[in-house]
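Read the structure below first, then the notes.
In what follows, residues are counted from 1 in the order of the sequence shown. Small disclaimer: the values here were computed from a predicted structure and weren't measured.
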Amino acid sequence: MSLNFAPIRLVILVVCVLAFYYGGGFSLPANAEWIRTAIVFGLGMIAVSVIDHRIGLMEPVNIRWIYIILGVVLMSVSLWWLQQMIAAAAAA
């Protein structure tokens, strides 16, 4: 596994941060739940944008698509969790 900081990947990283912002990620106070949500989103964001993983010796195979799928799932769950926290804060 390696990290690749190509310009297009940095753009993807910035787009993910903006998605967290527009998803309401910075509208809640920083409590333990919010920190967990931000960590899950951050892990997904890193998996989608900068991780590159090649396996095999003779003909290396890139399994980046697995990291992209995992990252999208993590970010989706994080945004869903965040929306639930915003709704609970509004109801209280």
Side-chain angles (χ1 to χ4, degrees):
M1 179 171 48
S2 63
L3 300 177
N4 185 352
F5 292 102
I8 188 68
R9 299 228 182 148
L10 294 177
V11 169
I12 294 170
L13 189 68
V14 169
V15 168
C16 290
V17 170
L18 290 174
F20 187 70
Y21 174 75
Y22 287 116
F26 298 111
S27 63
L28 293 171
N31 57 13
E33 288 286 323
W34 181 86
I35 291 171
R36 288 186 195 114
T37 304
I39 288 172
V40 170
F41 192 88
L43 290 174
M45 183 175 56
I46 289 169
V48 164
S49 61
V50 297
I51 291 182
D52 207 8
H53 196 158
R54 297 187 188 280
I55 58 171
L57 295 175
M58 299 302 276
E59 189 173 332
V61 177
N62 193 346
I63 59 169
R64 176 170 158 67
W65 60 273
I66 295 173
Y67 286 99
I68 291 173
I69 292 170
L70 177 66
V72 168
V73 167
L74 284 173
M75 289 189 301
S76 299
V77 167
S78 174
L79 288 176
W80 174 77
W81 188 9
L82 191 64
Q83 293 303 316
Q84 297 301 317
M85 288 172 32
I86 290 171

Give a yes or no on whether [X] and [Y] share a hydrophobic cluster (residues Ile, Leu, Val, Met, Phe, Trp, Tyr; joining criterion: side-chain heavy atoms under 4.5 Å apart).
{"X": "V15", "Y": "F5", "answer": "no"}
{"X": "V11", "Y": "V48", "answer": "no"}
{"X": "Y21", "Y": "L82", "answer": "yes"}

Smallest separation among heavy atoms of [X] and [Y], with atom names:
{"X": "A47", "Y": "R64", "result": "O-NH1, 4.2 Å"}
{"X": "V50", "Y": "R9", "result": "O-NH1, 3.7 Å"}
{"X": "L28", "Y": "M85", "result": "CD1-CE, 3.5 Å"}

Just how far is it from atom [atom1] of [X] to atom [atom2] of [Y], taken to the nearest 0.5 Å?
{"X": "R36", "Y": "N31", "atom1": "CZ", "atom2": "CG", "result": "9.0 Å"}
{"X": "L79", "Y": "Q84", "atom1": "CG", "atom2": "CD", "result": "12.0 Å"}
{"X": "I51", "Y": "L70", "atom1": "CD1", "atom2": "CG", "result": "8.5 Å"}
{"X": "S49", "Y": "I12", "atom1": "OG", "atom2": "CD1", "result": "7.0 Å"}
{"X": "Y67", "Y": "I46", "atom1": "OH", "atom2": "CD1", "result": "12.5 Å"}

Less than 4.5 Å apart, side chain to side chain, heavy atoms only: is that true for [X] and [Y]?
{"X": "I66", "Y": "I63", "value": "yes"}
{"X": "I86", "Y": "S27", "value": "yes"}
{"X": "S2", "Y": "H53", "value": "no"}

| task | Go through L74 and F41 one step at a time and tell me if the side-chain contact (heavy atoms from CB on, under 4.5 Å) criterion holds. | result | CA-CA 6 Å; L74 284 173; F41 192 88; over 6 Å; no
| task | For F26, look at atom CZ and say whether over 12 heavy atoms of other residues, nucleotides or ligands are found less than 6.0 Å away. | result | yes
| request: Apply side-chain contact (heavy atoms from CB on, under 4.5 Å) to the pair S76 and V72, showing each step before the final yes or no. | output: CA-CA 6 Å; S76 299; V72 168; 4.1 Å; yes
| said: Under the criterion side-chain contact (heavy atoms from CB on, under 4.5 Å), I'd like the reasoning laid out for M45 against F20: C-alpha separation, chi angles, the key distance, then a yes or no. | reply: CA-CA 10 Å; M45 183 175 56; F20 187 70; over 6 Å; no
| task | Would you sort out whether V61 and R54 count as a side-chain contact (heavy atoms from CB on, under 4.5 Å), showing the intermediate values? | result | CA-CA 5 Å; V61 177; R54 297 187 188 280; over 6 Å; no
